[in-house]
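Structure first, then comments.
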Protein chains: 2
Amino acid sequence: MQFQQLLYFVAVAETRHFTRAAERVHVSQPSLSQQIRALESELGAELFSRARGNIGLTEAGAALLPLARRILADADTARLEVQELAQLRRGRVRLGATPSLCTGLLPEVLRVFHDRHPGIRLLIEEGGSHDLVRQLARGALDLALIVLPLPPGSPALTTVELLQEDLVVVSAAAGKAPRRPVRIADLRDQPLVMFRHGYDLRELTVAACRAAGFEPGFTVEGGEMDAVLGFVRAGLGMAVVPSMVADRAGPGFRVTPLAGPGLRRTIALAHRSDVAPPRAARELQRVLLESRSL
Amino acid sequence: MQFQQLLYFVAVAETRHFTRAAERVHVSQPSLSQQIRALESELGAELFSRARGNIGLTEAGAALLPLARRILADADTARLEVQELAQLRRGRVRLGATPSLCTGLLPEVLRVFHDRHPGIRLLIEEGGSHDLVRQLARGALDLALIVLPLPPGSPALTTVELLQEDLVVVSAAAGKAPRRPVRIADLRDQPLVMFRHGYDLRELTVAACRAAGFEPGFTVEGGEMDAVLGFVRAGLGMAVVPSMVADRAGPGFRVTPLAGPGLRRTIALAHRSDVAPPRAARELQRVLLESRSL
DNA sequence: ATCCACGATAGGCGTAGCCTATGGAGATCA
DNA sequence: TGATCTCCATAGGCTACGCCTATCGTGGAT
């Protein structure tokens, strides 16, 4: 049984005419006749009663017709569905990102992407780089924005550097924070507000303090980015955050750059190396990389 | 898109393994790979993520899978249905027969047929030969038991002689009917009970009387075979009926053969010449012809 | 480092499906 | 009745596709 045989069969059943059916399906009449014969022979029953000038369905033909129609319709549906997925009219992308990027970079980029491909659902997984890497490997994410370098022992991921961001110190506008760049060492004995475990920023900041020779102390600890900023504005202490976040934090903050080499972190796009990401994920990756040059 | 491509696709989706899928569908692994590629290329999307040792469906593949399954299931159903029809496990025969045959020949033959093919519905149309011929031509009947010769101007029908039956005179057992064969001419001035219009027996009997030089008169006229026999038994008159019917009529009747050439009629099976009857009808025809030799 | 498992690639073969040309059998009309 | 027309079936040839075997390439395991 072949699709074109069913197609020809339906055409003959509907036109009650071999020649006209052949025209309708764009094959020569003998080819159509031959295929109908082949179908009949395979099924072991005549499908049409071939009376001169009055072609009609046999019982077997009548039984086959609705099934043939449904099979052809399903095949069309299949083509359409897959095409829509391929053409980004439908689908989804599962994107992982660190909390700071979720508030900083993503909103604008996702808006652009959504405007271009309104049919694609965007599923955002907010988490630390470490968790994101694991989820990528598991196939639970298509794409993730992570902080380089990858933790040691990571599965095979392909990464593309997206941007580097400087870390800055934010404090309450009414506070006593200096305006000139500060060194990490200057943070010794300063009240600090710190993110919950899981934020790469936490590990990075703590490591920097230790490198400068002191163990930081936290007046408040835990909470997401917004909470931390709130604590800072309330005067509970300072915090080290990406400059991008600090810039958007609004009034009530004093932003102080870090002196010397400062602190930077490299944000990269990552996906599994062994599997090409879905079409929609590749497109989102493109949009993300494109956003870099804006 | 081809059926075997969908079959291979489902096999790979279910085994998550090209080599094992190839074994399952009994083709070589390269052939299967090639067909999957062809399908992917036609649909314009990858269907599988080919990670080492972990073949998985892409979104497109996931969208296709249920449709592919349904298409294949429908194809199987189609094969099965048509085969059941062809193998006489299902279906119907529309058989036309004259009233006398319905009561005489048919019950036994239909019982035999039904025992052999319990899935076939038997639709019996009782009517005069003339009507039956018209219904055959219209395609409303597959097969009919008619009286030969065909009326002039009949459409193209193929007939097979089935049997010849003698006509006899039945009368009430208590009546004065002679026991020796009678001639048609002897029926002059005898009270006759006659079938309704439409019975071929009526035309035949009346024609025979006229040929013998008289116009028959009827004491009762109309009614089906059973009614006529009832009138005869009640002593209302005699009737000319097929010997087969007379034999089964039971007690209360005297059966008198007709002398000389007598009256015979030829019963034949008829079907349209331009269309082969359905499988089930051909089978019924076979059983009918077979019954002749019993 | 070597081997193994597994999917991809290459090349050859047979046939299935399509084409054009033609046959043959009912309808139709002069 | 015969000529023509219509329409499906048949014949023969060509191409392309699907299948095969043999081999390669590459990750993962020993």
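Every chain is numbered from 1 and lettered A, B, ... according to where its sequence line falls, protein lines coming before strand lines.
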**Message:** salt bridge (charged side-chain N to carboxylate O under 4.0 Å, His left out) for A:Arg279 and B:Glu46? Distances and angles first, verdict last.
**Reply:** CA-CA 9 Å; A:Arg279 181 86 174 70; B:Glu46 302 252 311; over 6 Å; no
**Item:** Full working for salt bridge (charged side-chain N to carboxylate O under 4.0 Å, His left out) between B:Glu14 and B:Arg69
**Value:** CA-CA 11 Å; B:Glu14 287 178 354; B:Arg69 284 208 178 100; 3.0 Å; yes
**Message:** Quick check: do B:Leu284 and B:Leu110 have side-chain heavy atoms less than 4.5 Å from each other?
**Reply:** yes
**Request:** Mark yes or no for whether B:Arg292, through its side chain, and B:Glu161, through its backbone, hold a donor-acceptor pair below 3.5 Å.
**Result:** yes
**Request:** Please name the pair of heavy atoms, one in A:Leu132 and one in A:Gly127, separated by the smallest distance, quoted to 0.1 Å.
**Result:** CD1-O, 3.6 Å
**Request:** Write down the distance between CZ (B:Phe18) and P (C:dA8), rounded to a whole number of angstrom.
**Result:** 5 Å
**Request:** Could you check how far CZ of B:Arg37 sits from P of D:dG18, rounded to whole Å?
**Result:** 15 Å
**Item:** Whole-Å distance separating the CZ atom of B:Phe48 from the P atom of C:dA8
**Value:** 10 Å
**Request:** Could you check whether the rings of A:Phe48 and A:Phe9 sit parallel, tilted or perpendicular, using 30° and 60° as the cut-offs?
**Result:** tilted
**Asked** Phosphate oxygens OP1/OP2 of D:dC8: is one of them under 4.0 Å from a side-chain N or O of A:His17?
**Response** yes
**Prompt:** Would you say A:Thr19 reaches D:dC8's phosphate, i.e. side-chain N/O to OP1/OP2 under 4.0 Å?
**Reply:** yes
**Message:** Rounded to whole Å, please give me the gap between CD1 in B:Ile55 and C1' in C:dA5.
**Reply:** 12 Å
**Request:** Report the distance from atom CG of A:Leu47 to atom C1' of D:dC8, rounded to the nearest whole Å.
**Result:** 16 Å
**Prompt:** Can you check whether A:Ser33 has a side-chain N or O nearer than 4.0 Å to OP1 or OP2 of D:dC8?
**Reply:** no
**Item:** Closest contact, heavy atoms only, A:Phe113 versus A:Val93
**Value:** CZ-CG2, 4.4 Å
**Side chain to side chain, B:Leu105 and B:Ser291, heavy atoms closer than 4.5 Å** = yes
**Asked** Atom CD1 of B:Ile36 and atom C1' of C:dT9: how far apart are they, to the nearest Å?
**Response** 17 Å
**Message:** Does any part of the side chain of A:Thr159, heavy atoms only, come nearer than 4.5 Å to the side chain of A:Leu148, both counted from C-beta?
**Reply:** yes
**Message:** Set out, in order, the CA-CA distance, both residues' side-chain angles and the distance that settles salt bridge (charged side-chain N to carboxylate O under 4.0 Å, His left out) for B:Arg37 and B:Glu40, then state yes or no.
**Reply:** CA-CA 5 Å; B:Arg37 282 227 167 280; B:Glu40 288 178 326; 3.7 Å; yes
**Item:** Trace of the side-chain hydrogen bond (donor to acceptor under 3.5 Å, both in side chains) decision for B:Thr77 with B:Glu81
**Value:** CA-CA 6 Å; B:Thr77 304; B:Glu81 286 235 2; over 6 Å; no
**Contact list for DNA chain D against residues 39-46 of chain A - heavy-atom distance below 4.0 Å** = none
Between the protein and nucleotides 16-21 of chain C, which nitrogen or oxygen pairs come in under 3.5 angstrom?
residue: C:dC18; atom: OP1; partner: A:Tyr8; partner atom: OH; Å: 3.0
residue: C:dC18; atom: OP2; partner: A:Gln35; partner atom: NE2; Å: 3.3
residue: C:dC19; atom: OP2; partner: A:Ser28; partner atom: N; Å: 2.8
residue: C:dC19; atom: OP2; partner: A:Ser28; partner atom: OG; Å: 2.9
residue: C:dC19; atom: OP2; partner: A:Ser31; partner atom: OG; Å: 2.9

Hey, what are the protein-to-nucleotides 24-30 of chain D N/O distances that come in under 3.5 Å?
none

